[in-house]
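Please read through the structure below; I'll follow up with questions.
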Amino acid sequence: MNVLITNARVIDPSQELDGTFDILIEEGTVSRVDKKIKASGVETIDATGLVATPGFIDIHTHLREPGQEHKETIATGTRAAVAGGYTAVCAMANTVPPNDERAVTEMVLAEAARNGLCRVYPIGAVSKGLKGEELAELAELRAAGCVGVSDDGKPVWNAQLMRRALEYCSMLGIPVIAHEEDANLNEGGVMHEGYYSTLLGMRGIPAVSEETLVARDVLLAKATGAHVHIAHLSTAGAVDAVRRARAEGVRVTCEVTPHHIALGDETVQSFSTNLKMNPPLRSEEHRKAVIAGIADGTIDAIATDHAPHHFDEKNVEFDLAPFGVIGLETAFAVCYDRLVRTKVIGLSRLIDLMSCSPARIFNLPGGTLRKGSLGDVTLLDVEARYEVATPFQSKAANSPFVGEKLQGRIAATLVGGAIRYDARPKSETPAPRKTAKKAK
Ligand SMILES: [Zn+2]
């Protein structure tokens, strides 16, 4: 695939690049980023007015296939991904059956190659059957293509098992991704434990439930010298634990989700089941601590925890609904709106959090537009305002952001130089913004 992107404002934090450039992609890889590139026989994309960045990488996606194709498939999940500017996603292991053996990893990779619109990097299970009793065949999972291991959806409750997983993964050169909650402290909880859970009479999930396990795993990472990655961190104490451990040289990285950045537990008063996820939306104190962690560099990545559910599954009482919300298609706009427009961070830092840093911490290709790197590019229209509306490209619609007016949308997504999503106005002369329609 040979493509020339012209006149874009190229922002590539991996090489501290920010300026107007052309990008030439030849045979799937970046061959040049320069002023006014002349190339013949290539498809040209005029990106005047758009920002070009290394493709976004989501290190925490639930694609639901195999086994729960009524919620999402690899085809629809990756369609949602490219609509959100993602050129790669890491697929969590809690499918049915879980990705705890080579055959499942290979099935995911084969289906992604057949019907996926972006790159898919499988994450293997820590334990067989996600039961937390016996380690999965970690070396075999790694050899089959897993880029990390996680029992996500559940914590690894047994500290000895976690220690062994860290030791093995350290040898394999991959992180253990930790979903942190103490099941005893959380028992029956459906929302953050605090003022609003008391007001609404709902069982709470206390912040300390997350913090005790983060503290434990940071200590285990220190003891083993291994890399632990904390998934969807959501509390002030967890941010603090990571900050302190990092200062001591512990190999700990962490991610936060757009919904924990944007929303607090007061929103649960609407009883919308699209505000039910785990970890839950926290109180203002915790939300502010997470944002402070983004501003000071403690947080390494923004990851969606895209968790699609069928409409019927979410269309029940709050107590009974499954945890999780979708996020791939709204992540950039939510973060642009809540972090960049509000001047918490600059656009370059947001791109780092959504692309370069995820690649770096999980050791993935991409996350850069250096010569010779993958031709994965996201084109952004940061001026465009739009209202989040259904249907989504995802099979699911359980988003807490439907009806919200946000700024910053994805104009196009290229994977290996191929246009996999294109929402640019179709006409030759650019349509006025107000009437610009999303293509397809
Ligand atoms: Zn999780």
Side-chain angles (χ1 to χ4, degrees), residues 58-64 68 71-72 77 89-96 98-100 121-127 129-132 136 146-158 161-162 165 175-183 185-187 189-192 205-214 216-218 228-235 238-239 241-242 252-261 263 274-282 286 290 299-309 313 321-328 331 358 361-362 396 398 400:
D58 189 26
I59 53 176
H60 194 142
T61 307
H62 296 275
L63 291 176
R64 305 300 193 201
Q68 295 182 306
K71 295 176 194 269
E72 192 82 286
V89 298
C90 295
M92 276 297 174
N94 63 341
T95 48
V96 185
N99 185 10
D100 63 355
Y121 300 114
I123 291 169
V126 169
S127 66
L130 307 173
K131 290 198 177 108
C146 288
V147 298
V149 293
S150 182
D151 276 358
D152 184 60
K154 293 179 189 171
V156 175
W157 180 234
N158 181 325
L161 196 79
M162 188 62 164
V176 177
I177 302 147
H179 167 115
E180 308 292 43
E181 62 170 313
D182 180 315
L185 287 168
N186 275 11
E187 207 180 347
V190 293
M191 69 177 290
H192 175 64
I205 297 175
V208 73
S209 146
E210 176 173 328
E211 292 160 354
T212 51
L213 255 73
V214 172
R216 181 200 76 176
D217 288 342
V218 155
V228 68
H229 176 80
I230 313 292
H232 45 52
L233 173 152
S234 73
T235 78
V239 179
V242 170
V252 55
T253 54
C254 65
E255 71 194 30
V256 298
T257 73
H259 48 268
H260 288 112
I261 292 166
L263 303 169
N274 291 338
L275 297 162
K276 182 176 177 181
M277 68 289 282
N278 192 13
L281 297 176
R282 301 290 187 184
H286 293 293
V290 163
I299 310 293
D300 299 277
I302 289 169
T304 67
D305 194 6
H306 179 83
H309 291 294
E313 294 168 318
F323 291 102
V325 295
I326 57 170
L328 286 167
I361 62 182
F362 275 27
N398 53 313

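First listed ligand is number 1; within each ligand, the first listed atom is number 1. Numbering starts at 1 and runs along the sequence shown. As a basis for the values below, the full set of heavy atoms in this structure was taken, side chains included, without hydrogen atoms, waters or symmetry mates.
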| request: Determine whether the side chains of His62 and Asp305 contain a donor N or O and an acceptor N or O closer than 3.5 Å. | output: yes
| said: Would you say the ring centers of Phe323 and His309 fall short of 6.0 Å from each other? | reply: no
| message | If I only include protein atoms of type N, O or S, how many are less than 2.8 Å from the Zn ion (ligand 1)? | response | 3
| request: Would you check if there is a donor-acceptor pair between the side chains of His60 and Glu255 at a distance under 3.5 Å? | output: yes
| said: How close do His260 and Pro280 get, counting heavy atoms only, and between which atoms? | reply: NE2-O, 3.2 Å
| Arg64: what forms a salt bridge (Lys or Arg N to Asp or Glu O under 4.0 Å) with it, not counting sequence neighbours? | none
| said: With a 4.5 Å cut-off on side-chain heavy atoms, are Val126 and Ile177 touching? | reply: no
